[in-house]
Amino acid sequence: MTPAYVQRATTGTVARADAVVAAVQSVLGRAEKFIPLHEPEFAGREWEYVKDCIDTGWVSSAGAYVDRFERDLAAYTGAGHAVAVVNGTAALHLALLLVGVRGADEVIVPTLTFVATANAVSQIGAVPHFVDVSMPALGLDAEKLDHYLADVLVIQGGEKINRITGRRVAAVVPMHTFGHPAQMEKLAEVCARHGLPMVEDAAESLGSTLQGRHCGTFGVVAALSFNGNKIVTTGGGGAVLTSDAGLAKRAKHLSTTAKKPHAWLYDHDEIGFNYRMPNLNAALGCAQLERIDQFVEEKRQLAKAYETAFSKVDGLKLFHEPPRSRSNYWLTAILLDAAADIAERDEILQRLNAANYMARPAWTLMHKLEPYLSAPRMQDLSVAEQVERTLINLPSSPRLARHKA
Ligand SMILES: *Cc1c(COP(=O)(O)O)cnc(C)c1O
């Protein structure tokens with residue numbers, strides 16, 4: 001027979017799951033059809049610009065929309081320079097190369113991230129080294145990282161070497177989780193103190209600022225993504241951001257097969273990549289960027305509506321943007337109390353999805369993924385573990401702010 005305390009726990013879990021579904025329904029209304037986590041919206045000049053590409057024949061990897069998209073991105077973020085590429089992973093790959101990451105290096109990466117952050121490191125032949133995040137922002141924990149680097153790094157021949165693995169540590173990659181700006185000023189300080197360049201994974205944070213400064217402008221280089229589920233989309237796409245004109249030029253060169261500019265000669269001065277964004281995709285991006293302020297505004301309103309609804313539910317809260325920042329709330333998240341277990345999370349996920357509200361947990365942590373089981377890591381990854389156990393993402397498309405129940 002099931003002991004009474006287990007039954008009680010189960011009853012509490014079921015009641016909480018019911019309360020969560022009711023709260024979501026109070027914000028989104030009843031879902032006749034499945035409501036995805038994040039849908040793209042093409043209600044501006046997308047069709048006009050894409051049609052223009054087809055009408056003029058400029059659909060491929062050169063054209064006026066690519067130049068315009070890069071200029072618009074640089075202006076919107078204040079980054080100085082933007083180089084548009086085929087996806088966010090390619091942007092990260094280039095960004096890491098630009099700061100000098102080489103095969104056999106190690107790169108510091110949060111264990112709480114989408115797999116692309118770690119994969120971009122691996123694609124160079126380098127090794128991701130996983131560290132913990134902290135609660136105010138769900139990004140890299142600056143203080144913990146500082147102590148950790150002080151313990152792990154030794155300087156040999158001017159290089160920062162991991163004294164345990166003997167590999168050179170070549171960069172730190174903070175990621176702005178679900179659009180919430182990481183502790184960038186503190187992280188910049190920590191990176192400077194340890195002599196490591198900072199590469200920002202800003203794939204989720206276009207439209208987010210910290211102290212008025214745009215995510216993607218704190219590191220030496222940053223990567224954006226315009227995948228179909230991101231805040232603006234080009235179908236698939238990404239961009240490298242940097243304030244350094246030389247690095248921007250090098251990013252463009254590497255992304256275009258390292259071809260030396262010439263009217264008819266195919267002469268390449270190193271092994272480059274075919275990473276350039278096609279004009280067709282950039283056309284979509286130009287039209288999407290014209291509407292980003294509205295998207296951010298609506299997503300913030302939606303988060304606020306969820307926050308109000310969840311303030312009446314015990315045992316969890318909406319994840320609120322960190323202090324001094326303005327988040328794009330790319331994906332809204334609720335956090336269960338620290339004591340909650342996976343079974344409670346899964347019960348809520350089960351109920352929400354069954355009620356047609358798409359919901360999902362945070363990513364499986366990087367250090368638990370099969371290809372990264374033996375990667376170097378901080379021993380204490382407890383905050384990321386807690387987030388994995390207690391976080392749930394909810395439908396976050398901007399249009400949902402207009403469909404108030
Ligand atoms: C989306 C995303 C990427 C990669 O973007 P793609 O365009 O899908 O290659 C990288 N990092 C994070 C954190 C992301 O969310």
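Indexing begins at 1, ligand by ligand and atom by atom, following the structure's order.
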How long is the span from the OG atom in Ser396 to the CD1 atom in Ile35, to the nearest 0.5 Å?
11.0 Å
Interatomic distance, CD@Glu48 vs SG@Cys53, rounded to 0.5 Å, equals 11.0 Å
Nearest non-hydrogen atom to atom 5 (O) of ligand 1 belongs to which of Gly237, Ala202, Ser225, Gly228?
Ser225
Filtering His176, Glu204, Lys230 for the heavy atom nearest atom 2 (C) of ligand 1 leaves Lys230
Gly236 to ligand 1, any heavy atom closer than 4.0 Å
no
Numbered atoms of ligand 1 (with element) below 4.0 Å of [X], judged on heavy atoms:
X      : answer
Asn87  : 7 (O), 9 (O)
Ala203 : 2 (C), 3 (C), 10 (C), 11 (N), 12 (C), 14 (C)
Ala116 : 3 (C), 4 (C), 10 (C)
Thr89  : 4 (C), 5 (O), 6 (P), 9 (O)
Thr113 : 13 (C)
Met175 : 13 (C)

Under 6.0 Å from the ring centre and within 45 degrees of the ring axis: does the NZ or CZ of Lys259 meet both conditions for the six-membered ring of Tyr266?
yes
Among Lys304, Arg300, Arg326, the one residue meeting salt bridge (Lys or Arg N to Asp or Glu O under 4.0 Å) with Glu321
Arg300
Closer than 4.0 angstrom, basic N to acidic O: yes or no for [X] and [Y]?
X      : Y      : result
Glu307 : Lys317 : no
Arg389 : Glu344 : no
Arg402 : Glu298 : yes

Flag Asp201 as yes when one of its N or O atoms lies below 3.5 Å from any N or O atom of ligand 1, and as no otherwise.
yes
Can an N or O of Leu92 be found at a distance shorter than 3.5 Å from an N or O of ligand 1?
no
Name each donor-acceptor pair under 3.5 Å that joins a side chain in residues 101-110 to protein atoms two or more places apart or in another chain, with its distance.
from	atom 1	to	atom 2	distance (Å)
Asp105	OD1	Arg168	NE	3.0
Asp105	OD2	Arg102	N	2.8
Asp105	OD2	Arg168	NE	3.4
Asp105	OD2	Arg168	NH2	2.7
Glu106	OE1	His129	ND1	2.9
Glu106	OE1	Asn162	ND2	2.9
Glu106	OE2	Thr165	OG1	2.6
Glu106	OE2	Arg167	NE	2.9
Glu106	OE2	Arg167	NH2	3.2

re atom 6 (P) of ligand 1, the protein heavy-atom contact at minimum distance is Gly88 N, 3.4 Å
